[in-house]
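Notes for the one structure printed next.
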Amino acid sequence: MKALEGVRILDMTHVQSGPTCTQLLAWFGADVIKVERPGVGDATRGQLRDIPDVDSLYFTMLNHNKRSITLNTKSDTGKEIFTKLIETCDVMAENFAPGALDRMGFTWERIQEINPRMIYASVKGFGPGPYEDCKVYENVAQCTGGSASTTGFDDGPPLVTGAQIGDSGTGLNLALGIVTALYHREKSGRGQRVTCAMQDGVLNLCRVKMRDQQRLQHGPLKEYPQYPNGTFGDATPRSGNASGGGQPGWIVKCKGWENDPDAYIYVITQAAAFPALAKAMGREEWLEDPEWSTPEGRLPHLDQVFGEIEKWTMTKTKFEIMDILNPLNVPCGPILSMKELAEEWSLRDTGTVVEVDHPTRGKYLTVGNPIKLSDSPSEVQRSPLLGEHTDEILSEVLGYSTEEIAAAKDAGAV
Ligand code: CAO
């Protein structure tokens, strides 16, 4: 049995943050009913299309294992159907612009009246405060949540990261909020409101940078590349590729870097493993020199330390370095390109990278469930076509007759 079998989700999500959440719940076995505007659907169906008239990879990779019903929730008949869906579902998830569902007439108060057991979960850009009415996309959240101001090099502008920490990151938070509320409902019998702000989600992931903001009041951040020769202002600065923890690390070039943009490896000079690293590099003399042998001795000239390490890594490929350093317990990680990840057999074996067949697209790769449950394995099924399950949901879930379905269609509600 799938872990969330029997849980029915009314999925009003679109774009990335909300769909990330409901996809995860669908992978765990929830029946996710994705509600989309008739004839239009989730905007991402048509965004960044690589094949004309075929649902984009943006959409297909975020909406696996769901069913799609088209429903105009602003029409009278549509509202009637939507009300019945609220009655029968356990959870409603949405990430529309602030107030969109209220404007449709479905406030939290109204939803509780319809179904007191309903868990109503939302992603918004900001929590209550000066920006609560703003529409927000990924990079806005990265900039307002502290990620951009702390990412990049000291002498360069703030940078956004490729990891979708605002969208997918907040979607993960919402999923946890939903299962927590479901667990609580087991005891209380009542649903509750779950809200996740993207700014909060990004800031939560930047916790160590808020830590450093407070450490800064007590002196320079010694593990940052600004130490000891640069200057610190009054806010956590960008730290390039420095490690966020107590063990210094940096990205260094490997053999082939001149032509391959990903021929690099991250090497961490963890104190306990440093002697093994020095020996592997043929630099035993470092172990006799206090400026090289101890973390305190190395700290003031880390740039020189990593400069020497790089001279060695440049003589080998990133995978050769990995093979040499891993058995020595030197933490390191080759910079893997998306091409390399797509081709990595071990990720295919674990279902983290999955090939899916789609009726109009054909075969494509997707990222499967990153959370593995021993008794509830995830099987990735293709995303639904727009309105593919409209009739099925109206008849199976709401008990509509063929005539009632035809009437809803005539009314333009589905
Ligand atoms: N039937 C009828 N109307 C529907 C409908 C349906 N099935 N589904 C959606 N609509 C309507 C909404 O009610 C809304 O109408 P109103 O403006 O009249 O209230 C309208 O469609 C568009 O919704 P929207 O304002 O959310 O969409 P947008 O493209 O303008 O904004 C976004 C997109 C993402 C910026 C905004 O939804 C948002 O800020 N969401 C919260 C934060 C978030 O999740 N951002 C992450 C997005 S992923 O990068």
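Note that these values count all heavy atoms, side chains included, but never hydrogens, waters or copies made by symmetry. Every number for a ligand or one of its atoms is a count from 1 in the order of the listing.
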- Criterion side-chain hydrogen bond (donor to acceptor under 3.5 Å, both in side chains) on K66 and T22, from CA distance to verdict: CA-CA 8 Å; K66 303 180 185 178; T22 50; 2.8 Å; yes

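- Closest protein heavy atom to atom 40 (N) of ligand 1: N95 O, 2.9 Å.
- The proximity of R103 to ligand 1, defined as any non-hydrogen pair under 4.0 Å, is limited to the side chain.
- Below 3.5 Å of separation, one finds an N or O of K74 facing an N or O of ligand 1.
- Residue M198 has no N or O atom closer than 3.5 Å to an N or O atom of ligand 1.
- Taking the ring axis of F153 as reference, the NZ or CZ atom of R238 does not stay both within 45° of it and closer than 6.0 Å to the ring centre.
- For the pair S17 and ligand 1, the shortest N or O to N or O distance falls below 3.5 Å.
- Qualifying side-chain contact (heavy atoms from CB on, under 4.5 Å) partners for T150, counting only residues two or more places apart in sequence or in other chains: K209, T236.
- Of the listed residues (E388, E36, E396), just one forms a salt bridge (charged side-chain N to carboxylate O under 4.0 Å, His left out) with R67, and that residue is E396.
- In terms of protein heavy-atom proximity, atom 49 (O) of ligand 1 is closest to D167 OD2, 2.6 Å.
- Below 3.5 Å of separation, one finds an N or O of R37 facing an N or O of ligand 1.
- For Y266, the OH atom sits in a packed shell: over 12 heavy atoms of surrounding residues, nucleotides or ligands are nearer than 6.0 Å.
- Side-chain atoms of K34 and N63 form a donor-acceptor pair, as typed in the model, at a separation below 3.5 Å.
- Considering both main-chain and side-chain atoms, G125 never comes within under 3.5 Å of ligand 1 through any nitrogen or oxygen pair.
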Please evaluate residues K84 and E87 with respect to the criterion salt bridge (Lys or Arg N to Asp or Glu O under 4.0 Å), reporting the C-alpha separation (whole Å), side-chain torsions for both, the decisive distance (0.1 Å), and the verdict. CA-CA 5 Å; K84 291 194 171 112; E87 276 166 12; over 6 Å; no

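- Ligand 1 lies out of reach of M12, whose nearest heavy atom is not under 4.0 Å from it.
- Considering backbone and side-chain atoms together, M104 places no N or O closer than 3.5 Å to any N or O of ligand 1.
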